There are 2 protein chains.
Amino acid sequence: MSLRHALLGLLSERPASGYDLLKLFETSLANVWPATQSQIYTELTKLAGTGLIAVTAEGPRGRKEYALTDEGMAELRHWLTETRPQRAVRSDMMLRVFFLGVLSPEQARGYLAELVDLSDQACEDLRGLMDSIDWEDGNLSVYGRMVLEYGLRFNAMRREWAQWAADLID
Amino acid sequence: MSLRHALLGLLSERPASGYDLLKLFETSLANVWPATQSQIYTELTKLAGTGLIAVTAEGPRGRKEYALTDEGMAELRHWLTETRPQRAVRSDMMLRVFFLGVLSPEQARGYLAELVDLSDQACEDLRGLMDSIDWEDGNLSVYGRMVLEYGLRFNAMRREWAQWAADLID
DNA sequence: ACAAGCATGTAAAGAGTTACATGATTAA
DNA sequence: TTAATCATGTAACTCTTTACATGCTTGT
């Protein structure tokens, strides 16, 4: 259950409201663990119910600011150190490649060319993100940059692969 | 809904039973779109209900062999050509990197070192898979190889990245 | 005779998506 | 005043996981 831990992780940096967290998911976490508004608010309520986070302030428009509790921090550390990461990754994009044989070679090449463009676009978006973020703070700054670098390398790799694969069809 | 299309895709190669498809998911598709036994049997029943596949033979032990219908093939082609692939990918592994700041530098380095090993292991597994598969047939042979090559490149990339990131902590 | 593997199915719970629903505050 | 943004919550549905449940066939 990674969403729970993503929220705990973000709150380990600083207290935040559901809305703040939603914005963080839309930017930094979107490429790693997307979540919807509905999901975030529901999970925050559960998390507060089990005492892993707590409401520390209320603002205008019913804004509720949550902060990590000691139990929440313990759970975050437990997740990071005592549980193995899931290796399973689903990729709709790659699943499609498996079945390109039902299309004409031209169509298959077209799909792979699309993946080249898509990867270029993703790289560009990540570079834009890199410039737009203010990297003032400590932890998320260092490790957030690492994840961004991963995204760039990943997309570069996929681009090269898709190019290679498209050329292979000829 | 990619599971549906993964099943249609596999059946486009040749007729198969739920059990056959389960084995295919455990090997070739495991790294791209994992699915459980329960999910596969349930989806096959639904797919047969809507006429995208049909039972073409029955064997011992209640074995039911399914084959793609014309409507099924049309749906598969429609999915491949008329719908955009989902760019969203969830990675528990990378999510954790975001929050390594709550651990000590030694622990963080340890996690990244683990990712190096994990990527090496995955590469080795893929190479084993490559050797174990009999690449006799047409479509899945060509495109299956492509996906395998992607897996190798992906793990090599991740290995290099994790090594770089671990070194960065010092 | 027995184990391994073949073969299917369902129930319950958890996770994720889409849509609906509401209302306050701020800046132009 | 009005549009944009801030802000939260719930309902319904779909997808995924885990567990339960059953029984046949083949090879040793």
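These numbers were taken from a predicted model, which means no experiment stands behind them. To find a chain, count down the sequence lines: A is the first, B the second, and so on, and within it residues start at 1.
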Starting at atom CD1 of A:I40, determine the distance to atom C1' of D:dT8, rounded to an integer number of angstrom. 12 Å
Atom-to-atom span, NZ of A:K46 to C1' of C:dG16 - whole angstrom: 11 Å
For B:T42 and for A:P34, locate the closest nucleotide of DNA chain C by heavy-atom distance; then report the residue assigned to the nucleotide nearer the 5' terminus. B:T42
Mind telling me whether A:W79 and A:H5 have parallel, tilted or perpendicular rings, with 30° and 60° as the class edges? parallel
Compare side-chain N and O positions of A:K64 against OP1 and OP2 of D:dG9 and report whether any pair is under 4.0 Å apart. yes
Interatomic distance, B:L47 CG vs D:dT14 C1' [rounded to whole Å]: 15 Å
Measure CZ/A:F25 against P/D:dA7 and give the value in whole Å, please. 17 Å
Checking D:dG9, D:dT8, D:dT16 against the side chain of A:T45 (C-beta onward), the nearest is D:dG9
Most 5' of B:E43 and A:E65 on DNA chain D, judged by nearest nucleotide: A:E65
With sequence neighbours left out, the residues meeting side chain to side chain contact (heavy atoms under 4.5 Å, CB included) with A:S132 are A:L129
For C:dT8, does either OP1 or OP2 sit under 4.0 Å from a side-chain N or O belonging to B:Y41? yes
How does protein reach along nucleotides 18-28 of chain D, written 5' to 3' as B (base within reach of a heavy atom under 4.0 Å), S (only sugar-phosphate), or - (no contact)? BB---BBB---
Would you please confirm or rule out a distance under 4.0 Å between OP1 or OP2 of C:dG23 and any side-chain N or O of A:R63? no
On DNA chain C, compare the nucleotides closest to B:G62 and A:M1; which residue's is nearer the 5' end? B:G62
Mind calculating the distance between CG (B:L29) and P (D:dT16) to the nearest angstrom? 13 Å
In terms of ring plane angle, is the pair B:W164 and B:W161 parallel, tilted or perpendicular, where the classes change at 30° and 60°? tilted
Could you check if a side-chain atom of A:R159 sits within less than 4.5 angstrom of a side-chain atom of A:Q163, using non-hydrogen atoms only? yes
Pairs flagged by side chain to side chain donor-acceptor pair (under 3.5 Å) wherever residues 27-54 of chain A is involved - sequence neighbours left out: A:R4-A:E43
What distance separates A:L52 CG from A:L44 CG, expressed to the nearest 0.5 Å? 11.5 Å
D:dT16 P sits how many Å from A:L95 CG, rounded? 11 Å
Between B:E26 (CD) and D:dT17 (C1'), how many Å, whole number? 15 Å
Could you tell me whether the side chain of B:L100 reaches within less than 4.5 Å of the side chain of B:I169, counting heavy atoms only? no
Just call it for B:R90: base, sugar-phosphate, or nothing, with non-hydrogen atoms closer than 4.0 Å on any strand. sugar-phosphate
Nearest to side-chain heavy atoms of B:Y19, which nucleotide of D:dC6, C:dC6, D:dT16: C:dC6
Can you tell me how far P of D:dC15 sits from CZ of B:R4, to the nearest Å? 7 Å
